[in-house]
Amino acid sequence: MMKLPEDPVEWLSYNHPGREVLQSVSDGKEHAPLELRKACGIHPETFRRAVHTLELYGLLEVHATEGERLHRVPKGWGIQVSLEITPQGKHVLNVLQGFAAVVRQHVRSLPRATKERWLTA
Amino acid sequence: MISILLLGPTKWERPTHSTVPSDLLARARKDDAGSRPEGAWPIDVRRALCAVMARPDVVATVMEDWPSQGHEGPSVKFRRIEQEAHITHYVVFWPLGGRLHGLVWELSDLAHRIMDGKLDRRAVQLFVQRGVADWDHVTEGYIFSETENRTEYFGDLLRLRCPVFVWEDYSELTFALEHRQWV
C-alpha cells in the first residue's frame, strides 16, 4: 500500500484529483462512477486511485446502485455501483472549504504555493 | 458506544495464509496462530482485526469467542451475542481463499432486518479482498469471481446498498478499519 498520511485533510491538501472527486459528490446524492469521472475530467486510473483512497479514509462509500442486482458476466457476477459521500467526508470537506475561504481572505499576502495548494481543485 | 460483530470465515477453503502479515496477527488477543502448524486461520485474522478496530468508544468481537450455552443453535447464539454485546454494527470480512457458507443464516437475518427497516444499511459493511471482487473499468462496477464461495444473502446485502470496500492487502484493510467512522 502507498504510504498515506494519517490525516485525510493533509492528503487532500496536495491531492487535487481526490479533492475534485470529493467536492463533486458533496451534494450527498449517489453518483455513477463514469459520469462523475467525466465531469471531473480525470484519467480512469487516477480516478480509480482517488476513489479508493477516499474510501480508505472513510470519506466516500461505494455501494450497489439502487435497484441493481448481481448479474452474470463472463468472469463471474457483476454489479453496478454508485459513489456517495459519507458523513465523515462532509465534515472533512467543510474543513477544506474553511481553509480555502481563509486563503481567499488573505490572497494578496500569501505565498503563491499556498494559494495554488488551497485554491486549485 | 459502538460495538461491532466481525463476521467471516473460520478456516480457509484453500490455503492463502502466507499473505497475512505476522505483525497483524500479533495484535490478536488469542494468539492461536502460533500454535497452528499450517499457519493462521481466518478466525485468527478476524481476532487481530478486532484489536485493530478497538478504540475508547469502539469494541469489536467475533462469534467464536462466545462459548455456546447448552444446546443453543447458531441462530440463537447469534441473537444472544447481539444482545449481550450490544452489537450496533457488523463487518463482513471476505478474504481470498475464504468462503461465506457458514454465515448463511446470519447474512440472511441482517438482509431481512435491512429490508424491514430495522437496521440501517450502513451498519453492515462488506470488506472484500481484491481477487474475490475486482473493479471493472468497462462496466464501472465490481465483478465477483469467487462465486462458489459466496452465499445468495451476500448478494442481497450488496443489492441493499451496504457499503462495500475492496482491499488490496492487509495493510490497506488495517488502514481502512482504523480510519472508519462508525455512524
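Residue numbers start from 1 in every chain, and the chains themselves are labelled A, B, ... in the order their sequence lines are given, proteins ahead of strands.
- Between the side chains of B:Gln181 and A:His91, no donor N or O sits under 3.5 Å from an acceptor N or O.
- Between A:Trp77 and B:Tyr142 there is no side-chain heavy-atom pair separated by less than 4.5 Å.
- Only the side chain of B:Asp169 comes within contact range of chain A, with heavy atoms under 4.5 Å apart.
- Between chain B and the options A:Leu34, A:Leu4, A:Leu59, the largest number of non-hydrogen pairs under 4.5 Å is found for A:Leu34.
- The distance from atom CD of A:Glu66 to atom CZ of B:Arg159, rounded to the nearest 0.5 Å, is 10.5 Å.
- No more than 12 heavy atoms of other residues, nucleotides or ligands shown are found within 6.0 angstrom of OH on B:Tyr153.
- To the nearest 0.5 Å, the span separating CG on B:Asp136 from CD on A:Gln80 amounts to 8.5 Å.
- With a 4.5 Å cut-off on non-hydrogen atoms, B:Val183 touches chain A through its side chain but not through its backbone.
- Heavy-atom distances place the side chain of A:Pro87, and not its backbone, under 4.5 Å from chain B.
- Of the listed residues (A:Ala64, A:Pro8, A:Ser82), the greatest number of heavy-atom pairs within a distance under 4.5 Å of chain B belongs to A:Ala64.
- For chain B, the nearby part of A:Glu30 is the side chain; its heavy atoms alone come within less than 4.5 Å.
- Using a 4.5 Å cut-off between heavy atoms, A:His52 touches chain B through backbone and side chain atoms alike.
- Enclosure of atom CD in B:Glu152 is not indicated, since only 12 or fewer non-hydrogen atoms of other residues, nucleotides or ligands lie within 6.0 angstrom.
- Within the model, atoms CG of B:Leu173 and CG of A:Leu56 stand 9.5 Å from one another, a figure rounded to the nearest 0.5 Å.
- Side-chain atoms of A:Glu61 and B:Arg122, non-hydrogen and from C-beta on, do get closer than 4.5 Å to each other.
- Of the inter-residue distances, the one linking A:Glu55 atom CD with B:Trp167 atom CH2 reads 14.0 Å to the nearest 0.5 angstrom.
- Here the side chains of B:Phe154 and A:Leu70 are not in contact, with every heavy-atom distance at 4.5 Å or above.
- The distance from the CZ atom of B:Arg161 to the CD atom of A:Glu68 is 12.0 Å, given to the nearest 0.5 Å.
- Under the 3.5 Å distance criterion, the side-chain polar atoms of B:His179 are matched with a main-chain donor or acceptor of A:Glu6.
- Contacts between A:Val62 and chain B at a heavy-atom distance below 4.5 Å involve backbone atoms as well as side-chain atoms.
- Within the structure, ring pair (Phe, Tyr, Trp, His ring centres under 6.0 Å) contacts touching residues 53-81 of chain B (residues at least two apart or in different chains) are B:Phe78-B:Trp105.
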